[in-house]
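Structure first, then comments.
Within every chain, numbering begins at 1; the chains are lettered A, B, ... in the order of the sequence lines, protein sequences first and strands thereafter. Source: prediction; values computed, not measured.
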Amino acid sequence: MQAWMWLGPVIMLFVVLGFVTLAILFERKVIGWMQSRIGPNRVGPWGLFQTVADVLKLLLKEDIVPQKADETLFKLAPVIAFVPAFAVVAVLPFTDSLVFADIGVGLLYFIAISSITTIGILAGGWASNNKYALIGAMRSAAQMISYEIPLVMALVGVIMAAGTLNLSGIVEAQKEMWFIVPQFIGFVVFFIASLAELNRTPFDLPEAESELVAGYHVEYSGFRFAFFMLAEYVYVFAMSALTTVLFLGGWNPLFGFTFLPPLIWFLLKFSLIVFTLIWIRATLPRIRVDQLMQLGWKVLLPLALFNIFLSALLKEIPGIGSYY
Amino acid sequence: MLGLLKGMGVTLKNMTKKKVTYKYPDEPVKMPERFRGIQHFDPEKCIVCNQCARVCPTDCITLTGRKHPDPNKRGKIIDTYDINFEICILCDLCTEVCPTEAIVMTRNFELAAYSRDELFKDMEWLHDNNTKIRGGSQ
Amino acid sequence: MTEKDREKEKQHETHPGGEPAGKTESHKGGNDRFLRDNQPDEQKGAVQSQGKGETDSDTVDSSDVKQPADSAAKKAAAAAKAKAAAAAKAKAAGAAKGGSIPGRASAKKKKEPPEPSPKQPVLDRWVRIIRGALGEEAVEDAMINRPNGHLPTLFISKDRWLEAARLLKEHEELAFDYLQNLAGVDYEEHMEVVFHLFSMRHRHAVGVRVKTERENPEIPSVTCVWAGADWNEREVYDLLGIRFTGHPDLRRILMPDDWVGHPLRKDYEPFDEGV
Amino acid sequence: MLRTEEMLLNVGPQHPSTHGVFRLVITIDGETITEAKPVVGYLHRGTEKLAEDLTYTQIVPYTDRMDYLSAMTNNYIVVHAAETLMEVELPERAEFLRVIVMELNRIASHLVWFGTYLLDIGAMSPFLLAFREREQILDLFNDLCGARLTYNYMRIGGVKWDVPEGWLDQVRAFISNMREKLKEYEDLVAGNEIFLNRTRGIGVYSADEAIDYGLSGVNLRAAGVDWDLRRDRPYSVYDRFEFDVPVGKNGDLYDKFTCRMEEIRQSLRIVEQAVDQFPEGPVMAKVPRVIRVPEGEAYVQMESPRGELGCYLVSRGKDKPYRLKFRRPSFYNLQILPRLLKGENVANLVAILGGIDIVLGEVDA
């Protein structure tokens, strides 16, 4: 038990790092294909070690702290951003047996911990003492606050239907029917809001390259920059896993195809979500900051509230009520 | 919303299409016959008429000549001929005015060097740059 | 090859009148080249057949670009003859158009082509309008720039330029609301700012030239008339040193702020003798 | 009300979206721009000064480097100016070749605009897809004149090279391919809600303002001024082709987008007609070896991809120009920027700047 307590997270860390390495490569490859290119292909066979080389380069680079920056905060910020990203992975159930912390309020834990990352981003942008970084950080804070609300509201429908905040319990509740069908509105709102939470295109305003150069991490380089990148992709991992768990039935097989092990089912659905994220990134332009706020407050939030109301209403209707 | 999906369709369709990029350093890029690459210089043909140096818009050509060693022959022969590829813009004007085709374009274009000094090419180098000559068979 | 070319060139340059080839037939109008169908056939033919040797010049041999001299020379001779005739006619028509200013005289003192420019009445009318409103001395001179598609050109006195600009823009009949081009020229004896104006309403164009002395050159700014003049005046100031009085923000625009001298002036000596 | 403090932000000269070395000093209140001051000149190479010491033949390669996205039109304007004063009669084939390459270059230039503009507002793929098609044009130019960007193709009296074998068929193939791809581009972005939100009603100006600021090209037409030099002041052989001039309504970014897309289509039409009517004959008129332009001055104009490209040439009968002034459309078009940016959002800054379509090599000459 003791050994498992220590070994588990370490293994998990390497699994997550492995995922990040692969995800970045996969993202670059897929985007390359969509743009009539072949993507990275110089390092290792099929460009497999491209990300490894990139990370190594980042780790070997000079560690630069701008002279006018707030040094303590500047150094602390990437850590603040990364730690919660890794911490949320603890509650994700990959199969009914493969879960690190099966705590009762898993969903709440996930949402609460993931919000801390914003502080890291804000601190990093502020401490850099750079105007672009500051604007990026401010945008990030505003965006996170605005989209956390519809994100959580969209989940209320799921929680009502499953009757639990425990993520394993939510997956169990989807044995009959995945929540994506009855909670479709919730899914759409959740998906859009999660895109915004992840700072990914079309919601990548905090680091909007064409406007703010690199946004909050404009002054970062070397391994501190790597930490921000890492945090971003770990969140991609966590958020895709969460979407799978909440709406796509977790490890539950489709059409009763049980010959595939549950973990494979999970990975399939998970990969689909990751692919969709990349696909969206390859296609869409960036939304503007004021339109982002409008979308969050005027469209997603009312929709999420409506979804709660609808779920509550439909739950009382006999027949289909069992799905809600 | 429909517009977004239509756009997504386009990117998805492109994913499976044939890729258009070259694997450049592995596969050499084939340049067309008329390509204006690094010049080849043939001292034998040069009559030291100075036209190339005069027409050059960036003054990157310097040349010197001397009297023909054989007293029976008229004219001059070339002594030194340098092109400074730091400023040469490969505009093709020197080859256009050359009456004897002593200077011609080739299809070689790789000029990258670690030092600027290496970009200063002399007669010998230009003479040895004799592959893929425009109009030639190689 | 070169000798032959030189020969051709000689032929071209020494044709009657001692004028360079193009000048004597200015009545054909430089900009109206697409009207070539109306032009004398012999000449067109000559031009077209001269370059026959080049039809398949996609072979790379550079000698292909040059022309087979024999036939070309013959054709050139024919063309020269035609031109000589035209020149003679032009000379007979005589009287150089008067009134050009001394600095520009040589360009404009050429032989008057047989028929007066179709734009002449328009120009006269515009001059009358401006002189009527601003006084006789406002328009120093006026001419038709023949090779440039018969562009009416006005010489406006720099003292009255701002009023003239307002008039040019606001007068019903003129309505030059579009500033096409603004250029400064250093003519060594004097400086000049050239405006090419266009009227979107009436679809007509005019060239306006405002002269100023070379020492301490200064003309009124017309930024308040055409907003587009702003940066152009700054550019002219930057490169030629002409001050535009009344310009809201007359600073250097292309050169660094601490640059010494105005590069486009003919007496400009570069500080740095190049690399 | 919270007390807000204005902040000075220096955008450029090294910034991903300034399309070169353009610098913009903006004062922002939160994310709202209260004042914008453009600073240009970082790429000033003194082309006009250099030209005074160069013969006409030597100037042509320098013009390649002004508007490096459409070097053909730049080549044309300087030889056109000299030809106007010399009153040279051009062979038809040369004129047709000029029109074909200029229109192809216009398409290439608009494709770059399309790609970089979408990149400015955050979409990646259109950039590479547009460059894929542009590459085909560059390959065509490479076959024709041996260079992909700095063509140095036109000469006073004609063009340097006749068409290589099979080139016209390649152009035809390109035209049909490009028509298909245009459809694809429009599918990709034109209906996209995010794109529409970011372009509709942004950067609006009236026709009168556009004229006042001396805007030209798409920037003028998008505001509703029906003015295209190819049609209204025909040069070369443009009067022989049928084409429409797309005109916008209020000068917003979406109008500029549709105008440019439509212009690509019309350019394809022109190229198609020119290829079909392509005449036989020489590609060089008879001009002296050493070109001396007769004394006089002329202002010539043409429709470059960015607007009215002009050239004011003062000659004193020498083999070098006395004064050569380029009316660079980007330089004129950029002047309206401070007025458009006032009160706008920072995110709109790059969109509006991108919509003007500047090339810094041209702005700074």
Side-chain angles (χ1 to χ4, degrees), chain B residues 1-22 24 29-39 49 51-61 87-99 104-109 111 132-135, chain D residues 50-51 53-65 118 123-126 128-129 131-133 135-136 139-153 155 160-167 170 181 183-197 289-290:
Chain B
M1 204 62 196
L2 211 71
L4 291 180
L5 296 177
K6 221 169 165 185
M8 305 273 286
V10 172
T11 38
L12 195 64
K13 217 164 54 200
N14 271 310
M15 197 168 147
T16 53
K17 276 193 193 148
K18 204 173 162 293
K19 309 299 167 239
V20 294
T21 43
Y22 296 108
Y24 166 57
V29 179
K30 219 174 136 2
M31 285 300 176
E33 175 64 29
R34 290 175 181 179
F35 184 73
R36 311 201 301 250
I38 306 156
Q39 291 92 334
C49 66
Q51 288 210 54
C52 49
R54 239 183 306 138
V55 82
C56 179
T58 59
D59 286 338
C60 68
I61 303 177
I87 52 175
C88 175
I89 54 175
L90 297 168
C91 65
D92 208 5
L93 289 179
C94 48
T95 66
E96 198 175 312
V97 294
C98 185
V104 279
M105 287 292 186
T106 70
R107 270 164 276 144
N108 299 320
F109 54 88
L111 265 172
K132 301 185 194 159
I133 296 172
R134 181 194 281 176
Chain D
L50 285 168
D53 286 330
L54 296 170
T55 63
Y56 288 94
T57 326
Q58 291 175 330
I59 295 171
V60 178
Y62 277 88
T63 60
D64 284 336
R65 286 150 179 86
L118 266 292
M124 275 200 283
S125 293
L128 286 128
L129 298 184
F131 268 56
R132 180 183 66 194
E133 269 68 67
E135 202 65 16
Q136 298 179 339
D139 283 344
L140 285 173
F141 285 155
N142 203 1
D143 288 348
L144 183 67
C145 53
R148 292 156 50 83
L149 277 178
T150 49
Y151 311 116
N152 187 17
Y153 180 56
R155 297 286 186 274
K160 171 154 184 190
W161 299 99
D162 202 345
V163 286
E165 213 168 306
W167 194 76
Q170 279 175 285
K181 295 294 190 226
K183 183 96 189 27
E184 186 180 302
Y185 297 159
E186 276 164 6
D187 279 351
L188 184 56
V189 292
N192 188 319
E193 281 80 2
I194 299 177
F195 175 76
L196 294 181
N197 277 333
R289 187 74 183 278
V290 176

> ring pair (Phe, Tyr, Trp, His ring centres under 6.0 Å) with Tyr153(D): which residues, sequence neighbours excluded?
Replying inline: none
>> Please check this pair: side chain of Arg134(B) against backbone of Arg34(B), looking for a donor-acceptor N/O pair closer than 3.5 Å.
In response: yes
>> I'd like to check the side chain to side chain donor-acceptor pair (under 3.5 Å) partners of Glu133(D); sequence neighbours left out, ordered by chain and number.
In response: Tyr185(D)
> Non-hydrogen atoms of chain B under 4.5 Å away: do they reach the side chain of Phe195(D), the backbone, both or neither?
Replying inline: neither
> Any idea which of Gly7(B), Pro57(B), Gly37(B) has the most non-hydrogen atom pairs under 4.5 angstrom with chain D?
Replying inline: Pro57(B)
> Just by distance, do the side chain of Arg36(B) and the backbone of Leu90(B) share a donor-acceptor pair under 3.5 Å?
Replying inline: yes
>> Counting heavy-atom pairs closer than 4.5 Å to chain B, which one of Cys145(D), Ala190(D), Pro126(D), Ala123(D) comes out on top?
In response: Cys145(D)
>> Using a 4.5 angstrom heavy-atom cutoff, name the option from Ile194(D), Leu54(D), Thr57(D), Leu144(D) with the most pairs to chain B.
In response: Leu144(D)
>> Can you confirm whether more than 12 heavy atoms, excluding those of Lys181(D), are under 6.0 Å from its NZ atom?
In response: yes
>> Quick check: under 4.5 Å, non-hydrogen atoms only, which of residues 12-21 of chain B neighbour chain D?
In response: Asn14(B), Lys17(B), Val20(B)
>> Quick check for you: among Asp139(D), Asn192(D), Asn142(D), Asp64(D), which has the greatest number of heavy-atom pairs under 4.5 Å with chain B?
In response: Asn142(D)
> Can you name the residues that form a side chain to side chain donor-acceptor pair (under 3.5 Å) with Glu193(D), not counting sequence neighbours?
Replying inline: none
